[in-house]
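Heads up, the thing below is written out as structure tokens.
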Amino acid sequence: MNSLSRRRFIHLLGAAGSVTALGTMGLTLGGCSGGKPGAGPRVVVVGGGFGGATCAKYLRRFNPSIQVTLVERDARFVTCPFSNAVLGGLQDMNSIQHTYDALRTQHGVNVLQDEVTAIDPAGNRVSLQNGGELEYDRLVVSPGVDLRWNDVEGLDETTSDIIPHAWKAGPQTITLRSQLEAMADGGVVVIAPPDNPFRCPPGPYERASLIANYLKTHKPRSKLLILDAKDKFSKQGLFMQAWEQLYPDMIEWVKGSDGGRIDRVDAATRTLYPEIGDPVTADVINFIPPQKAGAIVHAADLVNNDGWCPVDQRSFASTLQSNIHVIGDAAIAGKMPKSGFAANSQAKVCAAAIVSELGGTTMPDPSYVNTCYSLIAPDYGISVAAVYRLQDGKIVKVEGSGGVSPMDVPDEYRKNEARYARGWYQSITQDTFG
Ligand SMILES: Cc1cc2nc3c(=O)[nH]c(=O)nc-3n(C[C@H](O)[C@H](O)[C@H](O)COP(=O)(O)OP(=O)(O)OC[C@H]3O[C@@H](n4cnc5c(N)ncnc54)[C@H](O)[C@@H]3O)c2cc1C
């Protein structure tokens, strides 16, 4: 794709959110939203993040007779997208929080603030933390990720107050931001990203960039070291070119096979022990542990040996249990990355599949979409985008769709991509929670 058509493509994606999947399925979007919860089939959705909230909303839009109950443990959702901007001091926490008010009042979703503690696939019901059970005709699970604490010696949930992961936005974001603010000029920050697969492949490198932007302005003698479990990472050429240009001598990236991979952590002394080479002590450590599907799916036997949920990639129906669909980060979705945009796109396909199935009709072949923007500085954005389709039951990229931002372009181009990134955030959060 040449640069002009690519620019136009990502601009359209940024502006329009994720309508591609629906457009190609020919479903009617207008006019059927809102209204009172119906008296038709019951769908319970677990998790009110990008996947779950979108699915609940679009189930009601596609068929208002469906009774949709969304169970979410928190009253408000804090987005990981743009949480790196909070860490870099560019925005505050309020700017990345969303309520479920519109789902309740405009879309007729019954939103319960509660936690699903067990799924009974044989009995078609879920148990709730606050007591009681919900029966379903179909269950959609979008619990996001959990952290694999046991994979790294010395690290567990209790050490995350000293060594925050900040890979679920909320209190952890505030902890890491406070540590950065408290650090003296001349301090050392370490970010330790995990091996694949994990939530938001470019996320750690966007984080490094925006923290470096903060340090450059407020603590210019400081250093940022990335000790990576991997030997390469998403949009690497673009990130490294930008780091050289914007943060020369501030960011150092160490690849896994050169001593980036960490075996052991001593939280008390903030020391990391790499597989190869000397221990590293830092003033602030952001260790991002390896990940697996959110806890609730493990007890219900919805996961494979790697800790992720196998699904029919056309409908997101679990291949392990009947009447249950899994979407978002927890699902194995072919070539799609674990991103909020991907979860939103999958949620619409899943909603359409459920509506078709319950209505006894056949859903046309879906398409799916994703763009991941990354900010490297307030006026410097890059992106990777793709449209996906089904091939032999697997989600694959459509040849020639999207691609990554070009190297060596004028500042104006990067500035525009930063603008599209903010536009994308407005549009995806409106599409999910609005
Ligand atoms: C730093 C960072 C930056 C990112 N930036 C981007 C970006 O720019 N663009 C992008 O597209 N993606 C981005 N992502 C990725 C994105 O946040 C995730 O891919 C997305 O949130 C996945 O959606 P989900 O529905 O699977 O899970 P989530 O959005 O995490 O939602 C899961 C929800 O389920 C709830 N839940 C879990 N278990 C239960 C239970 N048993 N009962 C009740 N509720 C439960 C949780 O409270 C949570 O609200 C970023 C991630 C990080 C960490």
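Counting starts at 1 for both ligands and their atoms, following the listed order. Model, not experiment: these values are computed from the prediction.
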Original post:
Considering only heavy atoms, does Ala330 approach ligand 1 within less than 4.0 Å through its side chain, its backbone, both, or neither?
Top reply: neither
Original post:
Under the salt bridge (charged side-chain N to carboxylate O under 4.0 Å, His left out) criterion, do Arg125 and Asp120 qualify, and how do the steps go?
Top reply: CA-CA 5 Å; Arg125 61 183 160 237; Asp120 171 8; 3.3 Å; yes
Original post:
Do any nitrogen or oxygen atoms of Ile296 come within less than 3.5 Å of a nitrogen or oxygen of ligand 1?
Top reply: no
Original post:
Taking the six-membered ring of Tyr214, is the NZ or CZ of Arg177 close enough (under 6.0 Å from the centre) and on axis enough (within 45°)?
Top reply: yes
Subject >> Nearest candidate to atom 39 (C) of ligand 1, where distance is taken over non-hydrogen atoms, out of Gln346, Arg73, Gln172, Lys338 >> reply: Arg73
Original post:
Looking at Val71, which atoms of ligand 1 are within less than 4.0 Å of one of its heavy atoms?
Top reply: 43 (C), 44 (N)
Original post:
Would you say the side chain of Phe50 lies within less than 4.5 Å of the side chain of Thr79, judging by non-hydrogen atoms?
Top reply: yes
**OP:** Report, in ascending order of atom number, the atoms of ligand 1 lying under 4.0 Å from any heavy atom of Ser83.
**Re:** 1 (C)
Original post:
side-chain hydrogen bond (donor to acceptor under 3.5 Å, both in side chains) with Ser405: which of Lys235, Arg414, Glu417?
Top reply: Glu417
Original post:
Mind checking whether Phe77 and Tyr100 have ring centres under 6.0 Å apart?
Top reply: no
**OP:** Please report which non-hydrogen protein atom sits nearest to atom 31 (O) of ligand 1, along with the residue it belongs to and the distance in Å to one decimal place.
**Re:** Gly49 CA, 3.2 Å
**OP:** Do me a favour and list the nearest non-hydrogen protein atom to atom 19 (O) of ligand 1 with residue, atom name and distance?
**Re:** Asp329 OD1, 2.7 Å
Original post:
Do ligand 1 and Glu72 have nitrogen or oxygen atoms that lie under 3.5 Å from each other?
Top reply: yes
Original post:
Hey, does Ala166 come in under 3.5 Å of ligand 1, counting only N/O atoms on both sides?
Top reply: no
Original post:
Which of these, Cys80, Ala85, Gly52, has its nearest heavy atom closest to atom 2 (C) of ligand 1?
Top reply: Cys80
Original post:
Which heavy atom of the protein is the closest neighbour of atom 21 (O) of ligand 1, given with residue, atom name and distance?
Top reply: Phe50 CD1, 3.4 Å
Subject >> Within 6.0 Å of NZ in Lys397, more than 12 heavy atoms from elsewhere >> reply: no
**OP:** Nearest heavy atom to atom 32 (C) of ligand 1 wins, so pick from Gly48, Ser383, Ser142.
**Re:** Ser142
Subject >> Between Gln241 and Asp408, a side-chain donor and acceptor under 3.5 Å >> reply: yes
Original post:
So does Lys415 have more than 12 non-hydrogen atoms from other groups sitting under 6.0 Å from NZ?
Top reply: no
**OP:** Begin from the C-alpha positions of Lys223 and Asp283 and carry the test salt bridge (charged side-chain N to carboxylate O under 4.0 Å, His left out) through to its verdict.
**Re:** CA-CA 10 Å; Lys223 295 270 180 245; Asp283 299 284; over 6 Å; no
Subject >> atom 5 (N) of ligand 1: nearest protein contact (heavy atom, Å) >> reply: Pro81 CA, 3.4 Å
**OP:** Identify which of Val116, Ile327, Asp146 has a heavy atom lying nearest to atom 41 (N) of ligand 1.
**Re:** Val116
Subject >> Contacting atoms of ligand 1, where contact means under 4.0 angstrom from a heavy atom of Asn84 >> reply: 1 (C)
Subject >> Whether Cys372 lies under 4.0 Å from ligand 1, heavy atom >> reply: no
Subject >> Element-labelled atoms of ligand 1 that are located less than 4.0 Å from some non-hydrogen atom of Phe77 >> reply: 29 (O), 31 (O), 49 (O)
Original post:
Hey, would you say the Phe233 and Trp253 ring centroids sit under 6.0 Å apart?
Top reply: yes
Original post:
Quick one: which of Tyr425, Phe198, Trp167 has a heavy atom closest to atom 53 (C) of ligand 1?
Top reply: Trp167
**OP:** Check whether the side chains of Tyr58 and Asp431 place a donor and an acceptor atom closer than 3.5 Å, and report yes or no.
**Re:** yes
**OP:** With heavy atoms only and a cut-off of under 4.0 Å, state how Trp424 meets ligand 1: side chain, backbone, both or neither.
**Re:** side chain
Subject >> Element-labelled atoms of ligand 1 that are located less than 4.0 Å from some non-hydrogen atom of Gly328 >> reply: 26 (O)
Original post:
What's the spacing between Ile354 CD1 and Asn63 CG if we round to 0.5 Å?
Top reply: 11.5 Å
**OP:** For Asp114, counting its heavy atoms only, list the atoms of ligand 1 lying under 4.0 Å from any of them.
**Re:** 43 (C)
**OP:** Run the numbers on Asp146 and Lys292 for salt bridge (charged side-chain N to carboxylate O under 4.0 Å, His left out), then give the verdict.
**Re:** CA-CA 5 Å; Asp146 257 4; Lys292 60 183 178 184; 5.8 Å; no
Subject >> Option among Phe82, Tyr420, Tyr373 that satisfies the ring-ring contact (aromatic ring centres under 6.0 Å, His included) test with Tyr425 >> reply: Phe82
Original post:
What's the shortest distance from atom 34 (O) of ligand 1 to any protein heavy atom, and which residue and atom give it?
Top reply: Gly47 CA, 3.1 Å
**OP:** Among all protein heavy atoms, pick out the one at the shortest distance from atom 16 (C) of ligand 1; state its residue, atom name and that distance to 0.1 Å.
**Re:** Gly340 N, 3.4 Å
Subject >> Numbered atoms and elements of ligand 1 in range of Arg207, under 4.0 angstrom, heavy atoms >> reply: 1 (C)
Original post:
Side-chain contact, heavy-atom cut-off 4.5 Å: Leu112 with Leu128?
Top reply: yes
Subject >> Non-hydrogen side-chain atoms of Val326 and Trp308 separated by less than 4.5 Å >> reply: no
Original post:
Gly203 near ligand 1, heavy-atom distance under 4.0 Å?
Top reply: no
**OP:** Compute whether any side-chain donor of one residue and acceptor of the other, for Ser315 and Glu357, lie under 3.5 angstrom apart.
**Re:** no
**OP:** For ligand 1, note which part of Asn370 has a heavy atom under 4.0 Å away: side chain, backbone, both or neither.
**Re:** neither
Original post:
Purely on distance, is any nitrogen or oxygen of Thr371 under 3.5 Å from one on ligand 1?
Top reply: no
Subject >> Shortest protein heavy-atom distance from atom 27 (O) of ligand 1, along with the residue and atom involved >> reply: Gly144 CA, 3.3 Å
**OP:** Return the residue, atom name and 0.1 Å-rounded distance of the protein heavy atom closest to atom 28 (P) of ligand 1.
**Re:** Arg199 NH2, 3.6 Å
**OP:** Using a 4.0 Å heavy-atom threshold (strictly under), name the region of Ala343 that reaches ligand 1: side chain, backbone, both or neither.
**Re:** side chain
